Amino acid sequence: MLYWKQVTCAVCGTESQQGGIASTSSFGPPNLDLREDFVRRGVMNAWIQECPGCRFVANDLSNATAAEAEVRHETGFAEAGRIEGMPELAVRFIRRAYVEERAGQLSTAMRRLLNAAWVLDDFELDASAIRMRAANLVVSLGAAADIGQQLQRLDLLRRAGALTEVVNVADEMLSGELHPDHRKIIATQRRLAVEKRTEAVSLKEVWDSEG
Ligand SMILES: [Zn+2]
């Protein structure tokens, strides 16, 4: 459920009306990339606030660390996501990813880029480049990447059309010790890549599939 509230930007002090979400309950079954059926643009809009004064972006504008506020002055911040035809909401997520990447928060930056990709999906725009960037952030995490993030990387690569890489990464993962559920997801991603399927696939399809 969406609602509006007055928020004061922690960076520049500008007050603005921002949307929030009163309930976090979910409704539909998630896809392999964890997007749920109910997640539509209106809801995603409330996940990230943009200050009309200084263009800073955050989940909650009233909270910003000094390091985050500093990033706002960088040219890279102003330019992040500024690609022709990029929807405004996607720009916000990409800018927030930039802030988090600069602040060393690679896990959250990865999720922001995934959110930006969902926005592009909704507009039926090509999200391959954004997904590749998100997949590369998982690589940057190295040993700090948990199994959930490693599974996400496979889905990001597949959705971005990097199918050979999916097969290679999947084979490497499958050669190690894995929880049976994770093994099934990886094997399914590998099969989908071989079948050249790059669309969103529901977890239900994974559980319903053989082997
Ligand atoms: Zn501001």
Side-chain angles (χ1 to χ4, degrees), residues 2 18-21 23-50 56-65 67-68 71-72 76-77 80-81 83 86-123 125-160 162 166 169 173 182 185-186 189 198 200-203 206:
L2 295 168
Q18 299 287 342
I21 307 169
S23 163
T24 55
S25 62
S26 57
F27 306 101
N31 288 333
L32 275 166
D33 70 358
L34 303 182
R35 179 173 187 158
E36 304 192 39
D37 276 353
F38 83 103
V39 175
R40 292 289 173 259
R41 277 201 291 281
V43 175
M44 280 195 280
N45 201 57
W47 289 353
I48 189 132
Q49 304 174 346
E50 181 180 52
F56 187 72
V57 282
N59 283 41
D60 178 357
L61 282 174
S62 61
N63 268 310
T65 65
E68 286 176 3
V71 174
R72 179 175 61 95
F77 174 77
I83 297 159
M86 185 70 75
E88 196 50 47
L89 180 56
V91 173
R92 268 195 259 163
F93 282 123
I94 293 167
R95 285 183 146 191
R96 184 62 202 177
Y98 180 87
V99 171
E100 286 163 347
E101 203 177 338
R102 297 286 292 139
Q105 300 156 8
L106 301 187
S107 296
T108 48
M110 194 263 282
R111 279 204 301 278
R112 302 300 177 187
L113 292 177
L114 180 63
N115 294 157
W118 292 353
V119 175
L120 293 178
D121 291 344
D122 282 348
F123 281 91
L125 294 168
D126 182 11
S128 300
I130 297 290
R131 285 198 161 92
M132 284 308 288
R133 276 182 56 196
N136 288 336
L137 281 179
V138 181
V139 177
S140 300
L141 275 166
D146 62 26
I147 183 67
Q149 290 165 329
Q150 291 174 46
L151 293 175
Q152 280 269 303
R153 179 183 168 213
L154 273 183
D155 198 61
L156 288 162
L157 290 171
R158 184 179 61 80
R159 301 286 304 277
V166 172
V169 174
M173 289 174 82
H182 298 152
I185 290 172
I186 297 161
Q189 289 284 14
T198 59
V201 171
S202 71
L203 274 167
V206 175

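Because only heavy atoms are used, hydrogens play no part in the values below, and waters and symmetry mates are left out as well, while side chains stay in. Here the structure is a predicted model, which means the values were calculated and not measured.
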Report summary line: Residue set satisfying side chain to side chain donor-acceptor pair (under 3.5 Å) with Asn115, at least two apart, ordered chain then number -> none
Report summary line: Heavy atoms of Ala90 and Ala116 approach each other most closely as O-CB, 4.0 Å
Report task. Could you tell me which residues satisfy salt bridge (charged side-chain N to carboxylate O under 4.0 Å, His left out) with Arg72, sequence neighbours excluded, listed by chain and number? Result -> none
Report task. Test Leu203 against Ile185 for side-chain contact (heavy atoms from CB on, under 4.5 Å), laying out the working first. Result -> CA-CA 8 Å; Leu203 274 167; Ile185 290 172; 4.2 Å; yes
Query raised in the report: Which residues satisfy the salt bridge (charged side-chain N to carboxylate O under 4.0 Å, His left out) test with Glu68, sequence neighbours excluded?
Result: Arg96
**Report entry** With sequence neighbours excluded, residues passing side-chain contact (heavy atoms from CB on, under 4.5 Å) with Ala145
**Finding:** Val138, Leu141, Gln149, Gln150
Query raised in the report: Which pairs with one or both residues in residues 105-115 pass salt bridge (charged side-chain N to carboxylate O under 4.0 Å, His left out), sequence neighbours excluded?
Result: Glu100-Arg112
Query raised in the report: If you round to the nearest 0.5 Å, how far is CD1 of Ile130 from CG of Asp121?
Result: 11.0 Å
Report summary line: When every non-hydrogen atom of Asp60 is compared with those of Gln49, the smallest separation belongs to CA-OE1, 3.5 Å
Report summary line: Across all chains, not counting sequence neighbours, the side-chain contact (heavy atoms from CB on, under 4.5 Å) partners of Ala200 are Asn31, Arg159
Query raised in the report: Where is the tightest heavy-atom contact between Ala160 and Arg131, given as atom of each residue plus distance?
Result: CB-CB, 4.0 Å
**Report entry** Partner set under side-chain contact (heavy atoms from CB on, under 4.5 Å) for Ser140, not counting sequence neighbours
**Finding:** Leu106
**Report entry** From Met173 atom CE to Arg153 atom CZ, the distance as rounded to the nearest 0.5 Å
**Finding:** 8.5 Å
Query raised in the report: So which heavy atom on Ala80 is nearest to which on Val91, and how close?
Result: O-CG1, 3.9 Å
Requested in this report: Kindly write out the residues that satisfy salt bridge (charged side-chain N to carboxylate O under 4.0 Å, His left out) with Arg92, not counting sequence neighbours, or none if the list is empty.
Outcome: none
**Report entry** Listed partners of Arg158 passing side chain to side chain donor-acceptor pair (under 3.5 Å), at least two apart
**Finding:** Asp155, Gln189
**Report entry** Atom pair CG/CG of Leu156 and Leu113 - distance to nearest 0.5 Å
**Finding:** 9.0 Å
**Report entry** By side-chain contact (heavy atoms from CB on, under 4.5 Å) - contacts of Asp126 (at least two apart)
**Finding:** Ser128
Report task. State whether the side chain of Gln18 and the backbone N or O of Glu50 hold a donor-acceptor pair below 3.5 Å, judged by distance alone. Result -> yes
Requested in this report: With side-chain contact (heavy atoms from CB on, under 4.5 Å) as the test, would you mind laying out the steps for Leu32 and Leu151 before giving the verdict?
Outcome: CA-CA 9 Å; Leu32 275 166; Leu151 293 175; over 6 Å; no
Query - Interatomic spacing from OG1 in Thr108 to CG in Leu114 - rounded to 0.5 Å - result: 12.5 Å
Query raised in the report: Under the side chain to side chain donor-acceptor pair (under 3.5 Å) test, which residues partner Gln152, sequence neighbours left out?
Result: none
Report task. Look at the rings of Phe77 and Tyr98 and say which category their plane angle falls in: under 30° parallel, 30 to 60° tilted, over 60° perpendicular. Result -> tilted
